[in-house]
There are 2 protein chains.
Amino acid sequence: MLTDAFPFTRHDHARCLKRLLGRADEMCARAGVRLTKLRRAVLRAVAGSHRAIGAYDIIDAMERDGQKPAPISVYRALDFLVTQGLVHKIESRNAFVACCHGEHAGDAVLMICEDCGVVAEMDAGAELTALNARAERHGFHARHAVTELSGICGACCGDV
Amino acid sequence: MLTDAFPFTRHDHARCLKRLLGRADEMCARAGVRLTKLRRAVLRAVAGSHRAIGAYDIIDAMERDGQKPAPISVYRALDFLVTQGLVHKIESRNAFVACCHGEHAGDAVLMICEDCGVVAEMDAGAELTALNARAERHGFHARHAVTELSGICGACCGDV
DNA sequence: CAAATTTTTGTTATATTATAACAATGTTGA
DNA sequence: TCAACATTGTTATAATATAACAAAAATTTG
């Protein structure tokens, strides 16, 4: 079993978070966009766990850190972060999760554990390509794919 | 190109709708569940076009037919219809579309035209199986897949 | 550097989507 | 017919998301 997609028991999240924020700084610098204080704080809140978090829960989390932005501010920041590929929106949950990958080959495929709530992502370039090819046979030219699997992760299944 | 997924120019929608409602009657009878007047009216509204329709637009459509159910009633009916596989929820749009297929091999794959708004579905059993297999390699046991492709349909591309 | 321009954020209000709680009605089967 | 269950109605509210415009901060330009 591949052990990189899901964060497991020994996972040192403080380090994980630090790395993620560092990478975000780099990526934004390279892209010539600004990871402002607000945007970084929203990203920090989203990346606070590997579970899906809703916009209003982000506000609650930020309030605990002494900052309470208005919903629109959070949505604007999320919009930026999603555009930059730093955060994924989970359409089937109306919630968000930080991207743990460097870069994606294409659209992310999310795996959502129904038990513990942890969300992992994987590259599934070949499978998405096959899906697009299938769509083409119906005359459809796909530009984006929303692919969200819900099920049970290895940890919750006792496989780990 | 396969021409069954998307409803094209010559499409006789009155006939299409009638067939769909008839099939719904049969399927519910076979399943031993009740396609009540309300549920059938909601299905009729959803199946009124091949575009995604939101719950509140369903209410508006039904109001034009002299019936104005409360939101909760529509959501309850939609819940029933989705459970029976007669309607698909489009997670990426918070909207609904009637199922045009008899039965699905597995989860439906939706193709949403960004231009005309028409939503078509296809069976993509093999591709979804491949996706699940890929997830298994990460220790994830998928139970449901939300797969929504957005792009441009053949008609809007001038391919037809 | 200062003024002009653009981007970002704040503020206030509101739109859109979805559900809770309980009463009333309809359906089924003994 | 009555009891049990399923469905719908009624009222209220929760949860998610955006609009419009003002203020502040950053960037560019002269």
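Lettering follows sequence order; numbering is per chain, from 1.
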When you look at B:Asp65 and B:Arg44, which way does the salt bridge (Lys or Arg N to Asp or Glu O under 4.0 Å) test go after all the steps?
CA-CA 11 Å; B:Asp65 292 345; B:Arg44 188 201 309 280; 5.6 Å; no

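- In this structure, B:Glu148 contributes its side chain and B:Val109 its backbone to no donor-acceptor pair below 3.5 Å.
- At a cut-off of 3.5 angstrom, the base of D:dA17 holds at least one donor-acceptor pair with the side chain of A:Tyr56.
- Within the 4.0 angstrom heavy-atom criterion, no nucleotide atom of any strand lies near A:Lys37.
- Distance SG/B:Cys156 to NE2/A:His141: 10.0 Å, rounded to 0.5 Å.
- Taking atom CZ on A:Arg40 and atom P on C:dT8, their separation rounds to 17 Å, with Å as the unit.
- Using a 4.0 Å heavy-atom cutoff across all strands shown, B:Ala70 reaches at least one base atom of the nucleic acid.
- Remark: C1' of C:dA15 and CG of B:Asp57 are 13 Å apart, rounded to the nearest angstrom.
- Using a 4.0 Å cut-off, some side-chain N or O of A:Thr36 falls inside it from OP1 or OP2 of C:dT9.
- Here A:Lys89 lies in heavy-atom contact (under 4.0 Å) with sugar-phosphate atoms only.
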For each nucleotide in nucleotides 20-30 of chain C, reading 5' to 3', give B when a protein heavy atom comes within less than 4.0 Å of its base, S when such contact involves only the sugar-phosphate, and - otherwise.
BB-----S---

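- Following rounding to the nearest Å, A:Asn94 (CG) and D:dA14 (P) show an atom-to-atom distance of 18 Å.
- The separation between B:Ile90 atom CD1 and C:dT16 atom P is 18 Å, rounded to whole Å.
- Residue B:Gln84 contributes atom CD, which lies 14 Å from atom C1' of D:dA6 at whole-angstrom precision.
- For A:Ala61 against A:Ala45, the heavy-atom pair with the smallest separation is CB-CB, 4.4 Å.
- The CG atom of A:Asp79 sits 15 Å away from the P atom of C:dT7 (whole-angstrom rounding).
- Using a 4.5 Å heavy-atom threshold, the side chains of B:Val46 and B:Leu78 count as touching.
- Place A:Gln67 and B:Tyr75 on DNA chain C by their nearest nucleotides, and A:Gln67 ends up nearer the 5' end.
- Each of B:Arg39 and B:Pro71 was assigned the nucleotide of DNA chain D with the nearest heavy atom; the assignment lying further toward the 5' end belongs to B:Arg39.
- Rounded to an integer number of Å, the gap from A:Asp60 CG to D:dA15 C1' is 12 Å.
- In this structure, the side chain of A:His13 engages the main chain of A:Ala47 through a donor-acceptor pair within 3.5 Å.
- Contact annotation: B:Ser73 side-chain N/O to D:dG9 OP1/OP2 distance is under 4.0 Å.
- Between the side chain of B:Arg39 and the backbone N or O of B:Arg34, at least one donor-acceptor pair lies under 3.5 Å.
- Atoms CZ (A:Arg93) and C1' (C:dA18) sit 16 Å apart, rounded to a whole Å.
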